[in-house]
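Nothing here was measured: the structure is a model prediction, and the numbers come from that model. Proteins get letters first, then strands, A, B, ... in listed order; numbering begins at 1 in each.
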Protein chains: 2
Amino acid sequence: MAGNAAEPGRSTASRLLTLLEVFTVRNEELTLVEMAQRSAIPVATTYRLARELATWGALERLPDRRYRVGLRLWEIGSLAPRQRYLRELSRPYMQDLYDATKENVQIGVRDGNEVLIVEMVSGRSAIPSATRVGGRLPLHATAVGKVTLAFSEPELMALTVAEGLPKLAPRTIITPGQLKQAVEQVRSTELGFAYEEMTKGASSVASPVFGPDGRFAAALGLVVHASTDVTRLAPAVRTAALGLSRELARWSNLKH
Amino acid sequence: MAGNAAEPGRSTASRLLTLLEVFTVRNEELTLVEMAQRSAIPVATTYRLARELATWGALERLPDRRYRVGLRLWEIGSLAPRQRYLRELSRPYMQDLYDATKENVQIGVRDGNEVLIVEMVSGRSAIPSATRVGGRLPLHATAVGKVTLAFSEPELMALTVAEGLPKLAPRTIITPGQLKQAVEQVRSTELGFAYEEMTKGASSVASPVFGPDGRFAAALGLVVHASTDVTRLAPAVRTAALGLSRELARWSNLKH
DNA sequence: CTGAACTTACCACTGAGCGGGATTTGCTGG
DNA sequence: CCAGCAAATCCCGCTCAGTGGTAAGTTCAG
């Protein structure tokens with residue numbers, strides 16, 4: 001960029017993308033200065049870029065001049081194939097699972113060393129879940145995470161252990177040995193569990209969904225009150241996951 | 001940009017955003033050259049920018065080297081408040097409406113002079129709908145569109161008429177007079193209809209949802225077989241829309 | 001009214017971005 | 001195995017678009 005650049009080597013593109021990254025669930029509306037601080041980009045530059053993003057629709061401008069993520073960005077993002085087909089095809093199965101259990105149903109795919117929640121179905125009788133569509137869950141402390149670990153390449157387990165296993169709740173698994181053992185169990189039964197390992201008071205069950213190529217595609221699971229017997233719900237989850245795997249295969253045939 | 005620019009005056013930011021725009025439902029995976037053609041950006045430049053987008057996760061690279069919209073972009077887009085709260089809060093009401101009617105349920109917000117579909121609920125018994133979450137519908141040929149016209153600022157009607165009323169199906173309203181009359185009807189009854197005006201064989205009903213400030217927030221509707229009597233379904237749609245409006249107000253109080 | 005915080009505008013400097021063209025890679029048919 | 005071709009990748013010299021300090025304008029609480 002111009003000779004004035006405080007941090008040469010950083011591309012305009014990366015600055016733009018960084019400006020999008022500063023928005024989070026907790027901070028969905030930010031002032032210009034807040035955006036500048038969080039992105040470590042000078043205010044003047046932030047101003048110019050934010051305005052371009054807003055003109056295009058990636059950001060929206062509120063009457064009080066704050067910025068937030070715009071509908072246009074959501075619209076383009078909704079084209080992302082990795083979530084789109086899974087969401088569309090999984091809906092009926094998730095709905096069935098919800099009808100059968102009345103618990104929070106969630107489906108997530110691996111992204112980096114986390115699970116990205118792609119769709120949820122929940123009602124008012126279910127435990128209020130902090131998770132939301134577009135949210136991320138850790139691999140070592142959730143049922144969907146353990147399932148993902150069990151059916152992804154072994155390198156993922158190595159990476160996860162290397163990054164450390166943060167203690168998120170009293171019962172979080174924090175030793176690699178225990179995690180590996182748990183994941184081994186998941187691999188053989190195709191069912192993963194987590195007992196208050198992420199949030200006190202909440203347990204979860206999950207089962208793998210496989211794509212048409214036979215490879216792991218997603219983890220489908222339930223989040224329930226810790227007092228609920230998750231093993232009782234496991235067969236339902238397993239059934240739904242198998243049904244969805246079959247649906248993916250059917251749809252793939254139909255397409256070609 | 002550099003002195004080599006073929007089209008001076010076009011900013012790097014706008015080029016980047018244009019590269020995202022080239023992806024559509026019909027073209028969700030594109031090669032580098034296709035992206036360059038559609039965006040009218042030279043291949044070398046497209047290459048450099050696409051690579052930066054892919055590094056960050058806005059685009060993904062397939063084994064066959066084609067590009068597609070990435071999960072990271074979807075993730076950030078899912079933060080867009082204008083769709084997020086509406087989606088989360090409307091789900092139960094849309095589900096109820098689906099349970100009661102077994103028809104395609106959709107909710108959309110105004111974006112520019114179109115309706116952006118923000119959420120859908122549909123089953124296999126409903127008419128296969130071409131609409132999808134993230135899709136757009138015209139204002140003059142759909143029930144949700146007419147509702148949007150009826151409860152937005154008058155300028156929107158003027159704009160819509162000025163842009164012309166394309167004939168999308170045999171029964172599409174193509175004269176401003178007829179459209180204004182229909183919209184007037186919608187305003188007084190808080191119910192909008194469309195009879196095979198967008199797609200032959202499909203009709204729709206919709207009703208407005210109002211935000212806590214009393215202003216129009218979204219249009220909630222059904223898409224059904226043309227043979228179905230939409231007036232019979234209208235009360236259910238109206239009830240759901242009222243319920244959702246109340247929910248929005250309730251949630252707004254809760255928040256502050 | 002005063003002042004602090006935020007937003008918008010200005011502008012001189014210069015290296016980041018541009019893109020034509022060469023090279024490499026990948027694929028197809030012989 | 002090897003041309004032949006298209007797509008992808010890389011190279012590099014040119015230069016103006018982007019940068020950001022600074023200043024002026026705006027908003028708002030007290």
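To the nearest angstrom, P of D:dT19 lies 8 Å from CD1 of A:I41. Here D:dT9 presents its P atom at 14 Å from CZ of B:R66, a figure rounded to the nearest Å. Between the CE atom of A:M35 and the P atom of C:dC6 there is a distance of 14 Å, given to the nearest Å. In this structure, B:Y47 places its OH atom 12 Å from C1' of C:dT23, rounding to the nearest Å. Taking atom CG on A:L30 and atom P on C:dA5, their separation rounds to 19 Å, with Å as the unit. Atom CD of B:Q37 and atom C1' of D:dA6 are 12 Å apart (whole Å). Rounded to whole Å, atom P of D:dT9 lies 14 Å from atom CG of B:L49. Between the CD atom of A:E52 and the P atom of C:dT8 there is a distance of 15 Å, rounded to whole Å.
Other residues, nucleotides and ligands place no more than 12 heavy atoms under 6.0 Å from the NZ atom of A:K200.
Both A:A13 and A:D64 lie near DNA chain C, and the one whose nearest nucleotide falls closer to the 5' end is A:D64.
Residue contacts shown for B:T45 include a base, since a base heavy atom lies under 4.0 Å away.
With respect to the salt-bridge test (charged N to carboxylate O, under 4.0 angstrom), the residues A:E28 and A:R68 do not qualify. Between B:D111 and A:R72 there is no salt bridge, since none of the side-chain N atoms of the basic residue sits less than 4.0 Å from a carboxylate O of the acidic one. The residues A:E119 and B:R91 are annotated as salt-bridged, a charged nitrogen and a carboxylate oxygen being separated by less than 4.0 angstrom.
Residues satisfying the ring-ring contact (aromatic ring centres under 6.0 Å, His included) test with A:F151, not counting sequence neighbours, are A:F210.
Within the structure, every side-chain polar atom (N or O) of B:R51 is placed at least 4.0 Å from both OP1 and OP2 of D:dA8. Look at A:R48 and you won't find any side-chain N or O under 4.0 angstrom from OP1 or OP2 of D:dG20. Between C:dA5 and A:T31, no contact under 4.0 Å exists linking OP1 or OP2 to a side-chain N or O. Close to C:dG19, at under 4.0 Å from its OP1 or OP2, lies no side-chain N or O of B:R10.
Among the nucleotides C:dT8, D:dT9, D:dG20, the one closest to the side chain of A:P42 is D:dG20. Side-chain proximity of B:L32 to C:dT8, D:dC10, D:dA8: nearest is D:dA8. For A:R65, taking side-chain heavy atoms from C-beta onward, the closest of the listed nucleotides C:dC18, D:dT27, D:dT19 is D:dT27. When distances run from any side-chain atom of B:T12 to the nucleotides D:dT9, D:dG20, C:dC18, the shortest one goes to C:dC18. For B:V33, counting side-chain heavy atoms from C-beta on, the closest listed nucleotide (C:dG20, C:dT7, D:dA7) is D:dA7.
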